[in-house]
Every structure is written in structure tokens, then in C-alpha cells.
Amino acid sequence: MLMKNQASNFPKKFIAFDLSGSGTTAWFDGKAFGSYFSKNWEDHISYIQGIMKKHPGWCILYERLTKIRRNNKTSKDLVDISKVIGVIEYKYKYKYTTLSFMTKDFRSKIMTGKKKFPLVTYQRGFYWNDQKLSDHEIDAVIIFYYGRAKVTGEWI
């Protein structure tokens with residue numbers, strides 16, 4: 001988490017990731033988005049590094065991993081995502097984490113019209129600028145707007 005005086009040191013450009021280590025990773029930078037599927041966590045690292053080469057020095061926003069066990073069992077998916085997060089934590093200077101329950105909360109608020117994000121609509125599915133979004137892409141959009149607001153103190 002950021003201290004109040006740390007936000008001024010952060011870059012003014014942000015990119016959000018809905019991370020996966022063995023599924024779909026999606027990203028959103030405020031203007032464009034994309035996604036990538038692989039069952040191999042190392043492929044996700046390569047994909048993220050390729051995206052970050054196009055966004056050098058930008059602040060990475062992503063959800064904080066809260067547990068690596070489900071139903072009292074360790075999940076390979078959660079172990080793989082923890083590896084991806086570990087590389088991000090080690091490799092990139094500017095990063096900020098959000099809580100996963102906030103993404104779910106904002107998703108339901110968009111669906112009911114209680115919260116609005118620029119160019120995002122819900123009509124039996126999520127759309128950004130009239131383009132249908134996957135579940136991972138809408139999560140990246142939510143992480144972007146929520147995380148950016150938490151870092152800058154400015155809501156949309």
C-alpha cells in the first residue's frame with residue numbers, strides 16, 4: 001500500500017492487469033486492452049514483459065493475492081499466479097495492488113448502474129466503447145480505474 005507522500009513519486013501513466021498463471025491474463029491502459037491465454041505461468045511473465053516494453057516506467061496495477069489455498073487444498077492455479085506476482089514485485093519499480101473483493105464489488109455496481117466508468121456499459125455483458133469484454137478484460141478495466149484512483153486520489 002502507498003503512503004500519502006509516495007503517490008507524488010509515481011508515474012502518471014497506469015496499466016492494469018487481471019493476472020493469471022495458468023489461464024487468461026488481461027490488461028488495460030486506459031485506451032486499449034488485450035488478453036493472453038496459456039497454462040504455463042512462465043508464458044504469462046513473457047507476455048507481461050512484452051506489454052511492459054511498450055509501456056516503460058508505467059505503474060502496474062493488479063489484484064493482491066489473498067490466499068493460495070481453496071477448500072483446504074493448495075491450488076496449482078493460485079501457486080502459479082503467486083509466481084507471476086513475485087516476478088512483478090521483483091522486476092518492476094512502480095506497482096500498486098487492489099483487493100479482489102473490490103473488483104467483484106465494482107462489477108456488481110456497474111451491472112446495477114450504481115457505478116460508472118468511462119465508456120463502460122452493461123447490457124447482458126460488459127462493453128467498453130461498444131466492444132464486448134471478457135470477464136478478465138472487465139476486471140482489468142475495474143482494476144485500472146479503482147487502482148489509479150487510489151494512487152492519485154482522483155476519481156475519474
Side-chain angles (χ1 to χ4, degrees), residues 1-3 5-70 73-107 110 117-120 125-129 131-156:
M1 295 305 261
L2 287 176
M3 303 302 283
N5 61 353
Q6 288 179 304
S8 62
N9 297 330
F10 268 62
K12 300 298 181 207
K13 295 186 177 183
F14 300 88
I15 184 165
F17 287 93
D18 179 40
L19 297 171
S20 176
S22 57
T24 301
T25 289
W27 62 271
F28 179 70
D29 67 5
K31 295 180 181 175
F33 55 90
S35 60
Y36 173 77
F37 178 83
S38 175
K39 292 191 177 267
N40 182 344
W41 69 270
E42 291 166 319
D43 293 342
H44 288 269
I45 293 297
S46 295
Y47 177 73
I48 291 165
Q49 288 174 332
I51 296 296
M52 291 310 296
K53 283 181 183 173
K54 297 174 186 171
H55 299 80
W58 288 32
C59 178
I60 299 176
L61 308 167
Y62 61 95
E63 287 180 324
R64 181 178 312 147
L65 183 65
T66 56
K67 58 184 176 180
I68 61 169
R69 294 176 70 83
R70 274 192 199 136
K73 294 180 183 175
T74 302
S75 162
K76 179 188 179 319
D77 294 340
L78 292 173
V79 170
D80 286 348
I81 195 172
S82 69
K83 293 175 186 177
V84 172
I85 289 171
V87 171
I88 289 172
E89 287 290 326
Y90 178 77
K91 183 167 178 75
Y92 297 101
K93 180 176 181 180
Y94 299 109
K95 58 221 168 252
Y96 183 80
T97 60
T98 63
L99 300 172
S100 60
F101 79 88
M102 291 304 298
T103 303
K104 291 171 184 49
D105 183 55
F106 275 92
R107 182 189 278 245
I110 293 168
F117 293 136
L119 303 174
V120 175
F126 291 96
Y127 293 82
W128 182 78
N129 203 19
Q131 183 173 350
K132 183 139 176 60
L133 299 175
S134 72
D135 287 343
H136 300 287
E137 289 165 341
I138 188 59
D139 287 352
V141 170
I142 292 168
I143 293 164
F144 176 86
Y145 286 116
Y146 177 70
R148 185 182 72 174
K150 293 298 283 183
V151 172
T152 65
E154 301 169 6
W155 191 249
I156 307 164

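If you read the sequence from its start, that first residue is 1, and numbering goes on from there.
The nearest pair of heavy atoms linking Gly30 to Trp128 is O-CZ2, 4.1 Å. Lys132 and Gly125 get closest at one heavy-atom pair: NZ-CA, 3.5 Å. The nearest pair of heavy atoms linking Ser38 to Asp43 is OG-OD2, 2.8 Å.
Between Phe117 and Phe144, the gap from one ring centroid to the other reaches at least 6.0 Å.
A 6.0 Å sphere centred on NZ of Lys39 holds no more than 12 heavy atoms belonging to other residues, nucleotides or ligands.
No donor-acceptor contact under 3.5 angstrom links the side chains of Glu63 and Thr97, judged on distance only. A donor and an acceptor atom, one from each side chain of Ser35 and His136, are nowhere located under 3.5 Å apart. Under the 3.5 Å distance criterion, with hydrogens and angles disregarded, no donor-acceptor pair is assigned to the side chains of Tyr92 and Trp58.
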Q: Mind running side-chain contact (heavy atoms from CB on, under 4.5 Å) on Glu42 and Val84 for me, showing each step along the way?
A: CA-CA 8 Å; Glu42 291 166 319; Val84 172; over 6 Å; no
Q | Test side-chain contact (heavy atoms from CB on, under 4.5 Å) applied to Met52 and Ile60, step by step | A | CA-CA 9 Å; Met52 291 310 296; Ile60 299 176; 3.6 Å; yes
Q: Apply side-chain contact (heavy atoms from CB on, under 4.5 Å) to the pair Phe33 and Leu133, showing each step before the final yes or no.
A: CA-CA 9 Å; Phe33 55 90; Leu133 299 175; 3.2 Å; yes
Q: Report the C-alpha distance between Asp135 and Asp18 in whole Å, list the side-chain angles of each, state the deciding distance to 0.1 Å, and finish with yes or no for side-chain contact (heavy atoms from CB on, under 4.5 Å).
A: CA-CA 9 Å; Asp135 287 343; Asp18 179 40; over 6 Å; no
Q. Would Lys13 and Asp29 count as a salt bridge (charged side-chain N to carboxylate O under 4.0 Å, His left out) if you check the C-alpha gap in whole Å, the side-chain angles of each, and the deciding distance to 0.1 Å?
A. CA-CA 8 Å; Lys13 295 186 177 183; Asp29 67 5; over 6 Å; no
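If you take CD1 on Ile88 and CZ on Phe17, they are separated by 6.5 Å, rounding to the nearest 0.5 Å. Rounded to the nearest 0.5 Å, atoms CG (Leu19) and OG1 (Thr24) are 12.0 Å apart. To the nearest 0.5 Å, atom OG of residue Ser134 and atom CZ of residue Phe37 are 12.5 Å apart. Taken to the nearest 0.5 Å, the CD atom of Gln49 stands 13.0 Å off from the NE2 atom of His44. Rounded to the nearest 0.5 Å, atoms CD1 (Ile143) and OG (Ser100) are 9.0 Å apart. Residue Asp80 holds its CG atom at 11.5 Å from CD1 of Ile85, rounded to the nearest 0.5 Å.
For the pair Lys95 and Leu61, the minimum side-chain heavy-atom distance is 4.5 Å or more. With contacts defined as side-chain heavy-atom distances shorter than 4.5 Å, the pair Lys150/Tyr96 qualifies. Proximity of Tyr145 to Phe106: side-chain heavy atoms (C-beta onward) are nowhere separated by under 4.5 Å. Here the side chains of Phe126 and Arg107 are in contact, with some heavy-atom distance below 4.5 Å.
Electrostatic pairing of Asp139 and Lys104 does not count as a salt bridge here, judged by no charged N lying under 4.0 Å from a carboxylate O.
Between Tyr36 and Tyr47, the ring planes lie parallel to each other; the angle is under 30°, not in the 30° to 60° tilted range.
At least one donor-acceptor pair under 3.5 Å links the side chain of Thr25 to the backbone N or O of Ser20.
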